[in-house]
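Proteins come first, then strands; the chains are lettered A, B, ... in the order of their sequence lines, and each starts at number 1. What you see is a predicted model; the values in this text were computed from it and never measured.
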Amino acid sequence: MIYMVLVFSDNRNLNIELLSKGSELAKELGEKLTTIIIGKSDEELANEYIAFGAEEVYIAENEIEFFKSEEFSDIIEKIINETNNNYILIGSNKNGKELASRLAGKIDAGCIIDCSNIYFKDKKITAERTVYSGNAISIEQFNSLPAILTVSSKVFDPLKKDEKNKGNIVKKKYDIEKSSSKIINVKEMQSESVNVEDAEIIVSCGRGFKNKEDIKYANELADTLKGKTIGCSRPIAADLKWLSEDHWIGLSGHKVKPKLYIAAGISGQIQHIAGMRDSGIIVAINKDPEALIFKSADYGIVGDLYEVLPKLATALKNKIS
Amino acid sequence: MNIIVCAKDVVDASEMKIDSNTNKPILEGISKKISDIDKNAIEEAIKIKEKHGGKITAITVGTPDSKERIKELLAMGADEGVLIPYPEKYDYHIVSKLLAEAIKKINEYDIIICGEASTDFFSGQIGPKIAGLLNISQITYAFNLNVEKDKIIGERNMGENSVTTESSYPVLVTVTKEINEPRLPSLMEILGAANKPIHEWNADSLLNDTNTKIETIDIKGISMERKNIVFKDNIDDSVTKLVDSLSKDGVLG
Ligand SMILES: Cc1cc2nc3c(=O)[nH]c(=O)nc-3n(C[C@H](O)[C@H](O)[C@H](O)COP(=O)(O)OP(=O)(O)OC[C@H]3O[C@@H](n4cnc5c(N)ncnc54)[C@H](O)[C@@H]3O)c2cc1C
Ligand SMILES: Nc1ncnc2c1ncn2[C@@H]1O[C@H](COP(=O)(O)O)[C@@H](O)[C@H]1O
């Protein structure tokens, strides 16, 4: 058996981060690191992946316009069979998660989703992941190969780009099994290109806000603070769509660690806490004295956010100036 | 339309405490519930049945007491339940295999519905893995479904994009929390559920190879220590105290 490492994400940045971890694992095994590009033949991208650590880049040339798990898993399965790769790292965006899981079913492999760390322990590939909505980390080990692992963005740092790296580019066409599903529309979600993950101070809005316009109270508070960004709970982004999904914080949204997190009108359900529990100082504003959020906060104000937020903004302005 | 819903019985993570001596989560004595989004899955199945007729089977790989939660699913509107008790050792792989084999045994199905992710493990793996094992198409992260006689159309939240996917049957669908509002069964429905069948199928009768592929070698609790200072006075005083504290903590500059 050959123990090569294969990396794939349809997202360039994420793929580069995976190449970094992949190359560390491949070195330990004394084996090769391969990555895959699916779609247009993009040699420029292939060379970039080589500069970031890939030793072999498979370009599966085809006319596929949009990502579809059925087709992508089929291509990756064929490449795995051809190359004997046994350690497969896949980028954990939504496409990647369903792709990895489907692939695991097709090739009868174990799969661990959303690894926060990956290493060899007793020569076995081992991964850590968060479970129980952020209450625990489980350490899981493969006792069989192939092994499929998925990793989100920003878990691993990319290697330094080295244009002198040498690698091999393999271009191939694969027949794709026809699937009975088809993509009939792709619409870009509204996005405000907010980066909550790197924010130093976050003012976060929950269902305690009664109208979309009222988010302005959070904005006005945020404006008085440096490095400020607006965040929100899942219902504000997913149900009400008052803010774009790049503001969404929690288990199924973004994980943040600002030095100050202000939660206004957020009840403090465990799935929200899972996304902000690593914050420096947590402040909660809620009119319900029994709200769960106070248990996860350093400071809390019991009160109506419509009264508290403007007063807090004024007080902060005076303090800072 | 024959619909199969995979529903997980989970411990309520919001009640979980961490043992300060062993640093392990305490799993005993916590109440159990149907994983949140699996209630959306069953609700969606009921809506489809209301429109097209057919039968809903709910399958749980769980513990013997998971029967209680299956009864809730029957009260909501499932027609039959299947409980597969966890084998001695299990992992994501064994659970998906058991569900896939149970689905094959049921044999007649058009739509399989899973949650986008379970509230305890939150991996979102089991649904698409079943689709891979059965080699059928998949519609993931659906926040809206349009079911017609010979095709299903799902609008899907894929993060950066909203993707509309169409498929013929059979198909595996995973749904998000936003797709619907799960119903609360009435007392009559709860009583009526007692007459609906719950089958128990053994793991051994479904699988020859019950070897796991992944072993959990350790689990570490994460506890969160916070100051928990709550100002309850009049708002002006509370605001002043908060600003002073934040300033002392040095998080304003
Ligand atoms: C699998 C799964 C994943 C999930 N992932 C996430 C996630 O990533 N992020 C997330 O946020 N949620 C997530 N959720 C949902 C989560 O469980 C909660 O439903 C959600 O966080 C609640 O949002 P909220 O606090 O804004 O709303 P609510 O729970 O409705 O709380 C509103 C709060 O506002 C307070 N309030 C009302 N009016 C005022 C006022 N005038 N002034 C001050 N306070 C007021 C109320 O007292 C209440 O506490 C997930 C759920 C599941 C099942
Ligand atoms: N033990 C189980 N029994 C039945 N269904 C399950 C089980 N585990 C997971 N599922 C289904 O798979 C979905 C995703 O679970 P997970 O992969 O654990 O996030 C859940 O929402 C359920 O629909």
Nearest-0.5 Å distance, CD1 of residue B:Ile136 to CZ of residue A:Arg102:
8.0 Å
Inspect the surroundings of NZ in A:Lys257 and state if more than 12 heavy atoms from other residues, nucleotides or ligands are less than 6.0 Å away.
no
Do B:Pro25 and A:Asn135 have side chains that get closer than 4.5 Å, going by heavy atoms?
no
Whether the side chain of B:Asn228 engages the backbone of A:Ala297 through a donor-acceptor N/O pair (distance < 3.5 Å, no angle test) should be reported.
yes
Name the member of A:Lys259, A:Lys311, A:Glu98, A:Glu245 that forms the most heavy-atom pairs with chain B at distances under 4.5 Å.
A:Glu98
Hey, could you give me the CG/NZ distance between B:Leu242 and A:Lys319, rounded to the nearest 0.5 Å?
11.0 Å
Ionic contact status for A:Asp108 with B:Lys97, cut-off 4.0 Å
yes
A:Arg277 with B:Glu225: basic N within carboxylate O range, under 4.0 Å
no
For A:Ser138, which of B:Ile217, B:Thr216, B:Asp218 qualifies under side-chain contact (heavy atoms from CB on, under 4.5 Å)?
B:Thr216
Salt bridge A:Glu140-B:Lys213, side-chain N to carboxylate O under 4.0 Å
no
Do A:Lys94 and B:Tyr141 meet the cation-pi criteria used here (NZ or CZ under 6.0 Å from the six-membered ring centre, within 45° of the axis)?
yes
Sorted by number, residues from residues 117-129 of chain A in contact with chain B (heavy atoms, under 4.5 Å)
A:Lys121, A:Thr126, A:Arg129
Flag this pair as yes if the NZ/CZ of B:Lys227 is under 6.0 angstrom from the six-membered ring centre of A:Phe294 and inside a 45 degree cone about the axis; otherwise no.
no
Any residues in residues 187-194 of chain A near chain B, with a heavy-atom distance under 4.5 Å, and which are they?
A:Lys187, A:Glu188, A:Met189
Go through B:Phe121 and A:Tyr132 one step at a time and tell me if the side-chain contact (heavy atoms from CB on, under 4.5 Å) criterion holds.
CA-CA 6 Å; B:Phe121 290 169; A:Tyr132 300 119; 4.1 Å; yes
